[in-house]
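In this text the structure is predicted, and so the values were computed from the model without any measurement.
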Amino acid sequence: MVFSSTIFIFCFLPLVLAGYFLLRSIRSRNTWLLAVSLIFYFWGGASFFPIILYSIILNYTGGRVLGALQNTGRERLRKFSFTIFVVLNLLNLGYWKYTKFVMQTICDVTGFSLTIPDIVLPIGISFFTFQGMSYVIDVYRGDVPVQKNILKVGLYIALFPQLIAGPIVRYSDIEKQLDERTHSVDDFASGIRLFTIGLAKKAILANSAAITADAVFGMHAYQNEPAVAWTGLLCYWIQIYFDFAGYSDMAIGLGRMFGFTFPKNFDYPFISCSASELWRRWHISLSTWFKDYVYIPLGGSRKGNAYLHLLCVFLLTGLWHGASWNYVMWGAFWGVLIVMQRWITRKVKIPFSVPKMISWAFTMFLWLLSLVVFRTESLYECVQYFRSMFGVLPLQDVGFSLPYYIHKYEIFIIVSGMTAMMPLGKLVYLWLQKKMPEAAFTVLENTGALVLFGISALYVVTGTYNPFIYFQF
């Protein structure tokens with residue numbers, strides 16, 4: 001079940017909201033949310049259901065054990081227990097996500113013939129594993145108190161808005177909200193508006209761009225003219241951003257309807273003028289997770305080799321996205337760029353300043369190049385697609401030319417998508433809010449959201465393409 005589906009929008013969500021607000025106590029509301037969240041996950045695959053239960057029980061137990069050993073003087077046992085619970089989390093993630101990748105790599109390198117099991121990746125395992133593991137780490141560090149109620153730990157890990165595709169929520173983000181939440185008409189309305197914006201990003205922009213992107217990438221690279229290859233990549237850029245940013249907006253909006261405040265996951269990443277700035281604005285919850293739980297513990301920039309620490313973080317970031325050498329190379333690509341940027345900034349005195357427009361254009365160009373690595377399924381396909389883009393791949397069995405893929409509607413989607421990536425809409429919103437009377441602005445805001453929801457709902461009902469890219473991670 002995805003947020004941009006008719007069954008979720010018109011059945012699941014209304015029933016969950018009705019049940020939630022019919023209940024009065026925070027305990028009964030939490031129990032209701034946990035129950036429907038588990039149903040939500042069960043809907044996506046009954047065979048995966050034990051995995052989410054395992055994660056809940058494992059991390060609840062880890063918190064209780066580490067809490068019991070705190071201030072007992074048995075620090076070696078506490079450290080050993082902490083290591084065991086972290087390893088069990090990683091083994092669970094590693095088995096489901098990386099077993100096939102490791103075995104296939106062994107076969108490719110050694111020439112051995114191994115029977116590779118057909119392991120299906122559970123939906124959202126990377127997200128809820130990182131959430132559960134962060135709770136155990138924070139308890140060990142003493143950053144958060146032990147939660148003795150397993151239902152609250154279960155709700156933290158399994159809460160359906162952010163369960164299967166983020167943003168990655170820390171226990172400290174919602175610790176107090178598990179015990180006490182405030183609800184208001186304004187907050188609920190803002191949650192609906194944010195959900196609607198996310199739905200529009202997904203149903204209108206991402207799904208429309210995906211049709212062209214999938215068609216182009218579905219061809220062999222040697223069948224695509226350079227203009228077609230660049231167009232397919234541009235559409236994939238629009239697809240992946242609005243797919244994930246749209247999901248994040250919907251998740252944050254849903255959380256707000258139920259009284260939860262989730263962290264922002266995107267902050268206009270494509271206004272960035274450097275690689276490091278881009279990663280401060282893109283998938284913020286993952287970047288901060290790796291910063292707090294990998295980069296700083298390794299020594300950060302204060303102890304050891306900061307460049308090596310950064311490279312390790314980005315290699316892990318790439319591997320987190322998928323069990324493929326393409327993802328490892330994608331992470332290495334950004335890691336090397338950011339290491340080079342930091343080294344140049346600190347070690348080289350440049351006698352002139354690079355205009356921001358040039359820095360921005362270069363950063364976006366690098367982002368586009370990295371998307372080829374991210375989208376293709378093997379390093380060979382990646383190299384071939386690059387050759388196609390730059391016109392050095394001999395054409396064979398040429399496919400469709402550019403006019404086949406690009407018509408007035410596709411141009412509208414591309415222009416709308418590129419415009420929506422920039423903060424122009426936010427600036428107009430703030431300007432209208434400042435200039436208009438409060439009552440008139442509220443009417444305009446809610447009317448606009450209603451119209452946008454209606455258009456998005458039509459896309460959902462009539463559309464055929466609707467998967468979320470980040471479900472596979």
For [Y] together with [X], are the ring centres under 6.0 Å from each other?
X      : Y      : result
Tyr41  : Phe48  : no
Phe130 : Phe290 : yes
Phe270 : Trp367 : yes
Tyr247 : Phe266 : no
Trp334 : Phe314 : no
Phe127 : Trp320 : yes
Phe12  : Phe160 : yes

Polar contact flag, side-chain donor to acceptor under 3.5 angstrom, [X]-[Y]:
X      : Y      : result
Thr129 : Asn92  : no
Ser276 : Gln341 : yes
Ser285 : Asn265 : yes

[X] versus [Y], closest heavy-atom pair with distance:
X      : Y      : value
Ser370 : Trp330 : O-CD1, 3.2 Å
Ala158 : Ile56  : CB-CD1, 4.3 Å
Leu311 : Ala332 : CD1-O, 4.4 Å
Ile238 : Ile414 : CD1-CA, 3.6 Å
Ser5   : Val2   : OG-O, 2.6 Å
Asp292 : Arg170 : OD2-NH2, 2.9 Å

Could you measure the distance from the [atom1] atom of [X] to the [atom2] atom of [Y]? Nearest 0.5 Å is fine.
X      : Y      : atom1 : atom2 : value
Phe386 : Leu233 : CZ    : CG    : 8.0 Å
Phe112 : Ile106 : CZ    : CD1   : 9.0 Å
Glu381 : Phe217 : CD    : CZ    : 10.0 Å
Trp230 : Leu402 : CH2   : CG    : 14.0 Å
Leu155 : Ile157 : CG    : CD1   : 10.0 Å
Phe8   : Leu15  : CZ    : CG    : 11.0 Å

Is the number of heavy atoms from other residues, nucleotides or ligands under 6.0 Å of [X] [atom1] greater than 12?
X      : atom1 : value
Met436 : CE    : yes
Tyr268 : OH    : yes
Lys291 : NZ    : no
Met103 : CE    : yes
Phe390 : CZ    : yes
Tyr429 : OH    : yes

Check whether [X] reaches the backbone of [Y] with its side chain - one donor and one acceptor, N or O, closer than 3.5 Å.
X      : Y      : value
Gln104 : Ile116 : no
Tyr156 : Gln131 : yes
His309 : Tyr295 : no
Asp243 : Gln239 : no
Gln223 : Asp397 : yes
Ser388 : Gln384 : no
Thr99  : Trp96  : no
Tyr385 : Ala229 : yes
Ser190 : Asp187 : yes
Ser208 : Ile413 : no

State, yes or no, whether a side-chain contact exists between [X] and [Y] at a heavy-atom distance under 4.5 Å.
X      : Y      : result
Phe262 : Asp173 : no
Leu34  : Leu38  : yes
Asp214 : Arg375 : yes
Leu88  : Tyr54  : yes
Ser272 : Arg280 : no
Tyr409 : His407 : no
Val216 : Phe400 : no
Val460 : Phe10  : no

Can you check side chain to side chain contact (heavy atoms under 4.5 Å, CB included) on Tyr459 and Lys202, steps first, answer last?
CA-CA 10 Å; Tyr459 272 80; Lys202 167 60 180 169; over 6 Å; no
Contact list for residues 109-125, test side-chain hydrogen bond (donor to acceptor under 3.5 Å, both in side chains), sequence neighbours left out:
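Qualifying pairs, neighbours excluded: none.
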Assess whether side chain to side chain contact (heavy atoms under 4.5 Å, CB included) is satisfied between Asn326 and Glu377, documenting all intermediate values.
CA-CA 7 Å; Asn326 275 44; Glu377 296 182 2; over 6 Å; no
Does the side chain to side chain contact (heavy atoms under 4.5 Å, CB included) test come out yes or no for Ser416 and Leu205, once each step is laid out?
CA-CA 8 Å; Ser416 299; Leu205 295 176; 4.0 Å; yes
By the definition side chain to side chain contact (heavy atoms under 4.5 Å, CB included), identify the one residue from Leu366, Val373, Ile338 that meets it with Phe333.
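Testing Phe333 for a side chain to side chain contact (heavy atoms under 4.5 Å, CB included) against Leu366, Val373, Ile338 leaves exactly one candidate, Leu366.
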Evaluate the side chain to side chain contact (heavy atoms under 4.5 Å, CB included) criterion for residues Met257 and Phe195: first the C-alpha distance (whole Å), next the side-chain angles of each, then the deciding distance (0.1 Å), finally the verdict.
CA-CA 9 Å; Met257 294 182 205; Phe195 178 86; 3.8 Å; yes
